[in-house]
Amino acid sequence: MAAAPPDPLPNLHAVLHSRGLVAQCTDERIEDRLAQPVTCYCGFDPTADSLHVGSLVPIMGLAHAQRCGHRPLVLVGGATGLIGDPSFKTDARQMLDETTVRTNAAAIADQIGRFITFGDGPADAALVNNLDWIGPLTWIEVLRDVGSRVSVNRMIGMESVKQRMTGDGAGISYLEFSYMILQAYDFVHLFRVHGCTVQLGGQDQWGNIVMGIELGRKMHDADLAGLTFPLVTKADGTKFGKSESGNVWLDPKRTPVFDFFQFWRNVDDTDVGRYLRFFTFLPVEQIEQLEQAEGAAINEAKVTLAYEITKLVHGTEEADNARDSASRAFSTGGVDVTGESIPSAPIDLTEPVGVIELLKQSGFASSNGEARRLIQGGGVRVGETKVDDIAATVSADDAEQGHVLLRVGKKKLFRFDPA
RNA sequence: GGGUGAAUGCCGGAGCGGCCAAACGGGGCGGACUGUAAAUCCGCUGGCUUACGCCUACGGUGGUUCGAAUCCACCUUCGCCCA
């Protein structure tokens, strides 16, 4: 074993624990294990060409690991993405083709690269794709080397499988059933090739992680461990990570930075402290101070939360932009909302354009009827002026500081830039 | 393979052959109140239309009827029971 690093780094488990990021771990003595630098991994599904905020917890987990001197492996599930994880899903997942999976994997790795450092150093992260080792496997090899060491009795006893086999679920196909074997095999492979001994994952991955550990013991007498992160919940009980417009993505093309910022700015009071711990690197002491705030002062903490996360994901400049735009739009009542982060589109104002048309172009209304209802409900403003006529139009004269700002409700903004 | 039940709008879930764009609940959106919070209250919630109205919609295809989400036949899918 290598000598301890000269500057003792904080213990990963202690760090994660202090931030409420530990749901379960397999090893009572995980702290001892993590006293030495280890190689750990966490998997991400390449189901889209961007991650969304739901993946931030595992990303932060890997980032903390790296900061504690460990070597993170980012596994993109190229192979498992071709199958679909059945864990706690009610339906079979859509399968993707290999080209898509490869493209998505690259995009995802790029996003994760903002949180952790890739390279060749001892604690530098590496990107691995399980398609590279699972792809070449033959059916016979798998059955003989892996299948002989896996108990179906155990598998059907797992909660994630049970749910699909009983009740009113959609049933489970053999394909999906095999998913967990692939994931277990990943762990064993990474142990063999990279000396990886710890797997991190969401709480829903517990069963899969445990399977990998058992398989490692049976195949190589390996001593593996796992740690899961808690499920991110919301005070109102709804699913975390969704906004009116669906998933909140890390890709600014899917979720404009302004909307991203606002997503965090608008979290429930009671969630702020937890989210600060989960999603920022701010010292716990500072977070404790922030969450002391009572009443309206808690908004301070929300701004910090939104700013810090936006900075991590989109960079300082974008974060400044979003924060300033938001504060102008909501606090000072000004209309100087020119920040680049606000969703916007060009417009031709040589002829007056109906407000209904603008509502449709901004995506706030999907039909004339919906746009009309919004106006009739009193929810539409152009700049600071409330629109109360469904036939209202906007012309070049209505542009303020060269822009037309369309507002729906209290929080939704869209900027039109006249050509 | 046999028997049986179901299939409705974003979801759940009602729905005597006409009064059904379809009760009710949830969700979502808008408004009031606030702190860009929560709770509460009010309104809206298929498309086109200023509106009268028209169109599309109750798994699919045909049929009965002046008229069908509601009746019949077949098909598809799912659930349950038996083998």
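Proteins get letters first, then strands, A, B, ... in listed order; numbering begins at 1 in each. Predicted, not measured: the structure shown is a model, and the values here were computed from it.
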Open item on the list: For residues 101-112 of chain A, which residue pairs pass the salt bridge (Lys or Arg N to Asp or Glu O under 4.0 Å) check, not counting sequence neighbours?
Closed with: A/E98-A/R102, A/R102-A/D132

Open item on the list: By the side chain to side chain donor-acceptor pair (under 3.5 Å) test, which pairs, at least two apart or in different chains, include something from residues 50-73 of chain A?
Closed with: A/S50-A/Q111

Taking only the [atom1] atom of each, what is the distance from [N] to [M] in whole angstrom?
{"N": "B/G62", "M": "B/U76", "atom1": "C1'", "answer": "15 Å"}
{"N": "B/G26", "M": "B/A32", "atom1": "P", "answer": "22 Å"}
{"N": "B/A21", "M": "B/C44", "atom1": "C1'", "answer": "15 Å"}
{"N": "B/A68", "M": "B/C55", "atom1": "P", "answer": "13 Å"}
{"N": "B/U65", "M": "B/G18", "atom1": "C1'", "answer": "11 Å"}
{"N": "B/C10", "M": "B/C48", "atom1": "P", "answer": "15 Å"}
{"N": "B/C11", "M": "B/U45", "atom1": "C1'", "answer": "14 Å"}
{"N": "B/G60", "M": "B/U8", "atom1": "C1'", "answer": "15 Å"}

Task: Donor-acceptor contact below 3.5 Å, side chain A/D398 vs main chain A/S395 - done: yes

Dump the pairs, protein N or O against N or O of nucleotides 56-58 of chain B, anything under 3.5 Å, distances to one decimal.
none

List for me each residue that meets salt bridge (Lys or Arg N to Asp or Glu O under 4.0 Å) alongside [X], sequence neighbours excluded, and say none if there are none.
{"X": "A/D324", "result": "none"}
{"X": "A/R372", "result": "none"}
{"X": "A/E308", "result": "A/K311"}
{"X": "A/R149", "result": "none"}

For the pair made of [atom1] in [X] and [atom2] in [N], what is the distance, rounded to whole Å?
{"X": "A/R407", "N": "B/G30", "atom1": "CZ", "atom2": "P", "answer": "13 Å"}
{"X": "A/K412", "N": "B/G31", "atom1": "NZ", "atom2": "C1'", "answer": "13 Å"}
{"X": "A/Q262", "N": "B/G35", "atom1": "CD", "atom2": "C1'", "answer": "14 Å"}
{"X": "A/F364", "N": "B/G28", "atom1": "CZ", "atom2": "C1'", "answer": "15 Å"}
{"X": "A/L413", "N": "B/U36", "atom1": "CG", "atom2": "P", "answer": "14 Å"}

For [N], which nucleotide in any strand shown is its Watson-Crick or wobble partner with both distances under 3.5 Å?
{"N": "B/G25", "answer": "B/C11"}
{"N": "B/G35", "answer": "none"}
{"N": "B/A51", "answer": "none"}
{"N": "B/U64", "answer": "none"}
{"N": "B/U70", "answer": "none"}
{"N": "B/G5", "answer": "B/C78"}

Open item on the list: Using the ring centroid of each side chain, check whether A/F261 and A/F263 are separated by less than 6.0 Å.
Closed with: no

Task: Ring-ring centroid check A/W264 A/F279, cutoff 6.0 Å - done: yes

Task: Phosphate OP1/OP2 of B/G46 contacted by A/S367 side-chain N/O (<4.0 Å) - done: no

Task: Interface residues of residues 368-378 of chain A with RNA chain B (non-hydrogen, below 4.0 angstrom) - done: A/N368, A/G369, A/R372, A/R373, A/L374, A/G377, A/G378

Open item on the list: Reading RNA chain B from 5' onward, which residue's closest nucleotide shows up sooner: A/R265 or A/K386?
Closed with: A/K386

- [ ] Tell me which of A/S366 and A/A296 sits closer to the 5' end of RNA chain B, going by the nucleotide each one is nearest to.
- [x] A/A296

TODO: Apply side chain to side chain contact (heavy atoms under 4.5 Å, CB included) to A/S366 and list each qualifying residue two or more places apart in sequence or on a separate chain.
DONE: A/E370

List, with names and distances, any nitrogen or oxygen atoms from the protein found under 3.5 Å away from nitrogen or oxygen atoms belonging to nucleotides 37-41 of chain B.
{"unit_1": "B/A37", "atom_1": "OP1", "unit_2": "A/K411", "atom_2": "NZ", "d": "2.7"}
{"unit_1": "B/A37", "atom_1": "N3", "unit_2": "A/D269", "atom_2": "OD2", "d": "3.3"}

Task: Residues in ring pair (Phe, Tyr, Trp, His ring centres under 6.0 Å) contact with A/F278, at least two apart in sequence or another chain - done: none

TODO: Only counting residues at least two apart or in another chain, list the ones meeting ring pair (Phe, Tyr, Trp, His ring centres under 6.0 Å) with A/F229.
DONE: none

TODO: Given side chain to side chain donor-acceptor pair (under 3.5 Å), test A/D259 with A/Q262 step by step and report yes or no.
DONE: CA-CA 5 Å; A/D259 294 344; A/Q262 285 296 308; over 6 Å; no

